[in-house]
Amino acid sequence: MGLTVTEKILDAHLLEGKVVSGGQIAIRIDQTLTQDATGTMAYLEFEALGIPRVKTELSVSYVDHNLLQSDFRNADDHRFLQSIAARYGIYFSRPGNGICHQVHLERFAVPGKTLLGSDSHTPTAGGCGMLAIGAGGIDLAMAMAGQPFYLTVPKIVGIHLSGSLRPWVSARDIILEVLRRMTVRGGLGRVIEYLGPGLSELSVTDRATIANLGTELGATSTVFPSDERTKEFLYSQERAGLWQELRADTDAQYHETIDIDLSSLEPMIACPSSPDNVVPVKEVAGRPVFQVIIGSCANSSYRDISVVADALEYRGIAPSVELEINPGSRQVLENLDIRGELRKLIHAGARIQQSGCLGCIGMGQAPATGTISLRTFTRNFPGRSGTEGDQVYLCSPETAVASAIMGVITDPRDLGDAPEISIPDVYLINDNGIIPPGKDGSDIEILRGPNIRPLPEFDPIPEDIEAEVLLKVGDNITTDHIMPAGSKILPLRSNIPAISEYVFSAIDPGFSTRAKETEAAIMIVGGENYGQGSSREHAALAPRYLGVRVKLVKSFARIHKANLINFGIVPLTFVDPGDFEQIRQGDSISISGLKAAILNGSDRVDIDIRGGKKIQARIELFERERQILASGGLLNWIRAQNRRDL
Ligand code: MIC
Ligand code: SF4
C-alpha cells in the first residue's frame with residue numbers, strides 16, 4: 001500500500017512503535033524552535049536536564065511575542081534568551097527580526113525534516129514539506145536534549161484541491177472554507193495533508209497560511225508535499241540545495257478525504273469570536289469597521305502585504321479606519337522597501353509596525369470599545385485583542401484591504417480588477433537579525449534578571465484524592481481563558497508565582513484567591529475540546545501551582561492534555577458525557593485509589609460526589625504518560641529515573 005507524505009516522514013523518523021493510527025510512537029526531532037513567551041520556561045527546563053549543548057540538527061530561539069518593553073521584565077527575558085542561546089548552541093533571532101514561523105519558513109525549513117516548536121502554529125513549516133508540530137516547553141527541552149518526541153499516531157485527512165482560485169480569492173479563503181466545514185474540533189487527532197492538481201496554484205507562503213491555520217482545526221499538523229513550487233521557494237531564499245522531492249504515493253490511503261474545487265470558493269470571513277464561525281464576506285458586508293490589521297504568522301508574507309499595498313495605490317484608507325501593517329519578518333519589510341511597496345503603504349497612511357506578533361497576542365493594537373476590528377490574524381477568541389467585548393473578524397489580506405478602503409466590511413471583488421502581484425524570484429536575503437551560536441559556548445555567562453524565577457517543584461500524585469470543584473466551564477475553553485496573555489500578563493511568563501494570580505481571570509476573576517484559600521486539592525470540570533488554542537504550558541503549570549490536581553472534561557485538546565501530564569495534573573474524561581450535568585461547581589469529590597488506577601493501567605475510576613452520587617471517569621493514557629503523571633510530572637520522572645543518557 002502506498003504512503004502519504006506524513007507517513008513517509010514519520011517512517012523516516014520512527015524510534016519506537018508502529019505507525020498505526022491511535023497508537024503511540026516516538027520520533028526523532030531534527031529541528032526545534034522556541035519563541036520568547038514560552039521559551040524562557042523551556043530553557044529553564046532544558047537547564048534542569050543538565051545537557052552541555054543541544055543535540056538537534058538545528059535549534060532556534062526567536063523573540064517575537066513580548067516586544068513591548070514597558071519595564072525591565074521583557075528586556076531581562078530577551079537577554080536571558082540570547083545568553084542561553086550562545087551557551088547551548090542555539091541560533092538567536094533578535095527582537096524585531098520577525099515572527100518565528102515566518103522567519104523559520106524563510107531561513108530554516110527543510111522538506112522531509114521534523115520540527116518541534118513551543119508554539120501551536122509551528123505547523124506553518126508544513127507549507128515547505130516538513131512535519132512540524134507544536135508542543136509544550138518541556139517537550140521542547142527534551143527534544144533539544146536529543147530525546148524522542150512521543151505522539152499519538154494521527155489519522156490522515158487528505159484534502160484534494162482542484163480548479164483555480166478566482167481573482168481576489170486567496171489561500172486564506174481556502175482554509176476558512178475548511179474551518180467552516182470541519183470546525184475547531186474537526187482536526188483533533190488528525191494530520192491534514194493537501195494533494196491534487198490545485199496545489200500548483202499555491203506558493204509555499206500560501207501553503208504556509210493554510211498549514212498555519214490547520215492549528216485552529218485542532219489538528220496535530222498540516223503537511224504539504226515538496227514539489228516544484230517548494231523548489232522555487234527555496235531558490236528564492238538562496239537555499240535551493242536543500243530541496244528534495246516528497247510526494248504521496250498515488251495509491252496512498254487517507255482516513256478521510258475532502259474535495260475542494262478552488263474555482264467555487266469566494267471570499268470568506270470568521271465572525272466573532274471563534275476562528276470557525278465562518279460565513280461568506282457578502283453575508284456581513286456593510287458593517288462599519290474601525291480597525292484593520294494585516295499581520296500575524298498566518299498572513300504577513302511579502303505577497304500578503306504587497307496585495308494590500310497595490311490595492312491601496314490610488315485609493316487610500318477610509319477616514320473612519322486605522323490600518324496597521326505588521327510585517328511577518330524583517331525580510332518581508334526590507335523587500336517591500338526595495339521593491340517600492342512600502343512607499344505605497346506609507347503614502348496611503350498605514351501605520352507600519354515592527355515585525356512581530358504585536359496585537360495578535362494583545363501586545364498593543366487593542367481596538368476601541370464596541371467597534372469592529374478586521375484582522376488577518378489566527379484567532380479571535382473573546383478578549384484576546386485586549387478589549388473586553390471585542391468584535392474581531394478574521395479574513396484574507398484582500399478582504400481586509402477592501403474593507404479598509406471602503407470603511408465597511410467589503411467583498412474585495414467589489415473593488416473591480418484585482419492587482420497583479422509580482423513576487424521576487426530571489427528575495428533580498430539579510431541574516432543580520434539572526435545570531436548563530438559559536439563552536440563552544442561553555443564559558444558564556446547566563447544573564448538572569450530578577451524577572452526570571454526558578455521552576456516550582458511539585459509532589460507526586462497522592463494515592464487518593466479529595467478535591468473541590470472550584471470551577472465548572474463549558475465547551476471550547478481556550479488556553480486564553482485558562483491563562484490569559486496580553487501586555488500586562490505576558491511579562492510574567494518567567495515567574496510562575498506572579499502569573500498564577502491571573503489563572504482564569506478573564507472568566508472568573510476570583511479564581512486564584514479562592515484557589516489559595518482552598519485546602520483540598522482542586523478539580524476543574526469542563527466540556528468538549530477543553531484547552532484548545534495555544535501551546536502555553538503556563539495553562540498547566542500555573543493552575544498546578546495553585547493546587548489544581550484533576551481536570552474532568554468531555555474531551556481535551558492535544559497540546560493542553562500533554563502539558564497537564566507533564567506537570568502532574570490528572571486529565572480525566574467523562575465515560576458518559578451526560579454526567580456533566582451531575583457535577584456542579586462547589587461540589588466536593590473523592591477518588592479513592594487514583595494513583596493505583598493510573599499505575600496499573602486501568603481505563604476507569606469512580607468519582608464519589610458528596611451527597612451520594614457516583615460517576616465514572618475515563619483514564620486515556622499511554623504507559624509512559626501514566627508513569628510521568630504518577631511521579632507528579634516530567635521533570636520528577638526524569639529525576640526519579642536518574643537518567644544518565646541525557
Ligand atoms: C498564541 O498565538 O496564542 C501564542 C501566543 O503564540 C501561543 C504561545 C504562547 O502562549 O506563548 C501559541 O499559539 O502556542
Ligand atoms: Fe504570534 Fe499570533 Fe502567530 Fe501566536 S498566532 S505566534 S501570537 S503571530
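In this chain, numbering begins with 1 at the start of the sequence shown. On a predicted model such as this, the values are computed, not experimentally measured, just so you know. As the structure lists them, so they are numbered: ligands from 1, and atoms in each ligand from 1.
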Checking side-chain hydrogen bond (donor to acceptor under 3.5 Å, both in side chains) for the pair R185/N476: CA distance, chi angles, key distance, verdict? CA-CA 8 Å; R185 298 179 216 165; N476 295 326; 3.3 Å; yes
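- In this structure, N212 contributes its side chain and C297 its backbone to a donor-acceptor pair below 3.5 Å.
- Within ligand 1, the atoms closer than 4.0 Å to a non-hydrogen atom of T38 are 9 (C), 11 (O), numbered from 1 in the order shown.
- Remark: minimum distance from atom 7 (C) of ligand 1 to any protein heavy atom is reached at S534 CB, 3.2 Å.
- Not close to ligand 1: T378, with no non-hydrogen atom less than 4.0 angstrom away.
- No donor-acceptor distance shorter than 3.5 angstrom exists from the side chain of Q69 to the backbone of A75, with no hydrogens or angles considered.
- Those atoms of ligand 1 with a heavy atom of A37 less than 4.0 angstrom away are 11 (O).
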V278 and E177: CA distance, side-chain angles, deciding distance, side chain to side chain contact (heavy atoms under 4.5 Å, CB included) verdict: CA-CA 7 Å; V278 176; E177 171 62 12; 5.9 Å; no
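- At a 4.0 Å heavy-atom cut-off, ligand 2 touches H65 through the side chain alone.
- If you number the atoms of ligand 2 from 1 as listed, the ones under 4.0 Å from a heavy atom of H121 come out as 5 (S).
- Protein heavy atom in closest approach to atom 3 (Fe) of ligand 2: C297 SG, 2.3 Å.
- Looking only at protein heavy atoms, the nearest one to atom 13 (O) of ligand 1 is S120 OG, 2.6 Å.
- No heavy atom of H538 sits closer than 4.0 Å to any atom of ligand 1.
- For Y43 and F80, the distance between ring centers is not under 6.0 angstrom.
- The heavy atom nearest to atom 11 (O) of ligand 1, considering only R493, M41, R536, is found in R493.
- With a 4.0 Å cut-off on non-hydrogen atoms, D119 touches ligand 2 through its side chain and not its backbone.
- A donor-acceptor contact shorter than 3.5 Å links the side chain of R207 to the backbone of L202.
- Atoms of ligand 1 lying under 4.0 Å from at least one heavy atom of H65, given by number and element, are 4 (C), 5 (C), 6 (O).
- Per-residue contacts place S535 under 4.0 angstrom from the following atoms of ligand 1 (heavy atoms of the residue considered): 12 (C), 14 (O).
- In summary, D480 and R536 engage in a salt bridge, as defined by a charged side-chain N under 4.0 Å from a carboxylate O.
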Derivation of the side chain to side chain contact (heavy atoms under 4.5 Å, CB included) call for T371 and Q291: CA-CA 8 Å; T371 61; Q291 181 191 49; 5.9 Å; no
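- One finds a salt bridge joining R448 and E47 here, because a Lys/Arg side-chain nitrogen approaches an Asp/Glu carboxylate oxygen to under 4.0 Å.
- Checked by atom type and distance alone, the side chain of R107 pairs as donor or acceptor with a backbone atom of Q237 at under 3.5 Å.
- At least one N/O/S atom of C357, from backbone or side chain, sits under 2.8 Å from atom 1 (Fe) of ligand 2.
- Scanning the protein heavy atoms around atom 2 (Fe) of ligand 2, the nearest turns out to be C360 SG, 2.3 Å.
- Contact analysis puts Q35 in contact with ligand 1, with a non-hydrogen atom separation below 4.0 angstrom.
- Atoms of ligand 1 lying under 4.0 Å from any heavy atom of D119, numbered from 1 in the order shown and given with element: 4 (C), 6 (O), 7 (C), 8 (C), 12 (C), 13 (O), 14 (O).
- Shown in contact with R384 at under 4.0 Å from a heavy atom are these atoms of ligand 1, numbered in order with element: 1 (C), 2 (O), 3 (O).
- Between the side chain of R379 and the backbone N or O of G533, at least one donor-acceptor pair lies under 3.5 Å.
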